[in-house]
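A short write-up of the structure that comes next.
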Amino acid sequence: MRLILLGPPGAGKGTQAEFIVDQFQVPHISTGDIFRKNIKEGTDLGLRAKSFIDQGALVPDSLVVEIVEARLQEADCENGFLLDGFPRTEYQAVELDKVLEKSGVSLTAVINIKVNPELLVSRAVGRRICRSCGATYHVKNNPPLKDGVCDKCDGELYQRSDDVEETVANRINIYVNETSPLIHYYEERGKLVNIDGEQDIKVVSADIVKALRG
Ligand code: ADP
Ligand code: ADP
Ligand code: ZN
């Protein structure tokens, strides 16, 4: 399966990615996770991306495309992958098409998780992430059993520095202007699968499986 998860910040892409990689045994490629790891490790890529991410702006296309192209060439992507947070612009989508075409493969589906904007800010602001394994929680919607501690690995939960109200609002605007045109892009190519992301997390997961297994 060669999959893309599309949806605004806070839609539930990361949450559903954890589930999809489990079900379909494909590697999870989150450009946001790759940037955060590089920022933490102080790499050159991290330094170049940090100021954009802190403002809630998009990292320049050239930087992002290069990373994804290299990642897709790794052996574990041979039989499939799940892209989460990429592509985010039409330029990135066109470049991805070129990369796939070069390898003689095509996308299986683009899962578009739909959530109304009013819900997104509280979802992102209440988000907590495990420092050790990356699992995603929500202080109200999906709390861990023990406050601040990951259920899966006992790791420490933290709040992303860009998950503050003003930055989230900025990210949502950017999604509407720059990323949402991709809905039409993939619809035209017959790849789009729409999923109602306002349902319970488990119901959303079930709908995704139903759509992919047919
Ligand atoms: P994204 O990767 O699209 O930004 P996440 O998967 O990180 O979104 O989810 C954002 C926040 O919303 C997290 O705190 C997550 O626990 C919560 N969340 C995800 N899906 C749902 C859902 N269906 N209902 C309620 N809360 C959800
Ligand atoms: P969310 O889960 O809220 O959708 P991500 O973790 O996917 O956020 O991304 C966090 C930030 O990383 C974005 O706000 C943006 O600055 C940067 N980023 C991630 N993916 C891309 C991309 N494909 N193109 C440009 N910037 C990106
Ligand atoms: Zn964990």
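Remember, it's 1-based here, ligands and their atoms both numbered in the order they're listed. Values in this document were obtained by computation on a predicted structure and should not be read as measured data.
- Checking D61 against T89 by side-chain atom types alone, a donor-acceptor pair falls below 3.5 Å.
- Contacts of N142 classified as side-chain hydrogen bond (donor to acceptor under 3.5 Å, both in side chains), with partners at least two apart in sequence or in another chain: none.
- Within 4.0 Å of ligand 2, counting heavy atoms only, the contacting residues are P9, K13, T31, G32, F35, R36, I53, A57, L58, V59, V64, G85, F86, R88, Q92, R127, R160, D162, R171.
- Residue E198 places no heavy atom under 4.0 Å from ligand 1.
- Taking a 6.0 Å sphere around CD of E90, one finds it holds 12 or fewer heavy atoms contributed by other residues, nucleotides or ligands.
- By the neighbour-count criterion of 12 heavy atoms within 6.0 Å, atom CD of E66 is sparsely surrounded, having that number or fewer from other residues, nucleotides or ligands.
- Under a cut-off of 6.0 angstrom, the local environment of CG in N177 is crowded, with over 12 non-hydrogen atoms contributed by other residues, nucleotides or ligands.
- Atom CD of E165 has 12 or fewer neighbouring heavy atoms from other residues, nucleotides or ligands inside a 6.0 Å radius.
- An N or O contact shorter than 3.5 Å links N141 to ligand 1 by distance.
- Atoms of ligand 1 lying under 4.0 Å from any heavy atom of G197, numbered from 1 in the order shown and given with element: 23 (N).
- When side chains are defined from C-beta on, Y91 does not count as touching L96, because their heavy atoms never get closer than 4.5 Å.
- S205 and Q16 are linked by a side-chain donor-acceptor pair at a separation below 3.5 angstrom, with hydrogens and angles left out of the test.
- Judged as a salt bridge (charged side-chain N to carboxylate O under 4.0 Å, His left out), the pairs with a partner in residues 104-129 (not counting sequence neighbours) are, in order, R127-D163.
- Side-chain atoms of E198 and N116 form a donor-acceptor pair, as typed in the model, at a separation below 3.5 Å.
- When all heavy atoms are compared, the tightest approach of T167 to I53 is CG2-O, 4.4 Å.
- Around the Zn ion (ligand 3), the protein contributes the following N, O or S atoms at distances under 2.8 Å: C130 SG, C133 SG, C150 SG, C153 SG.
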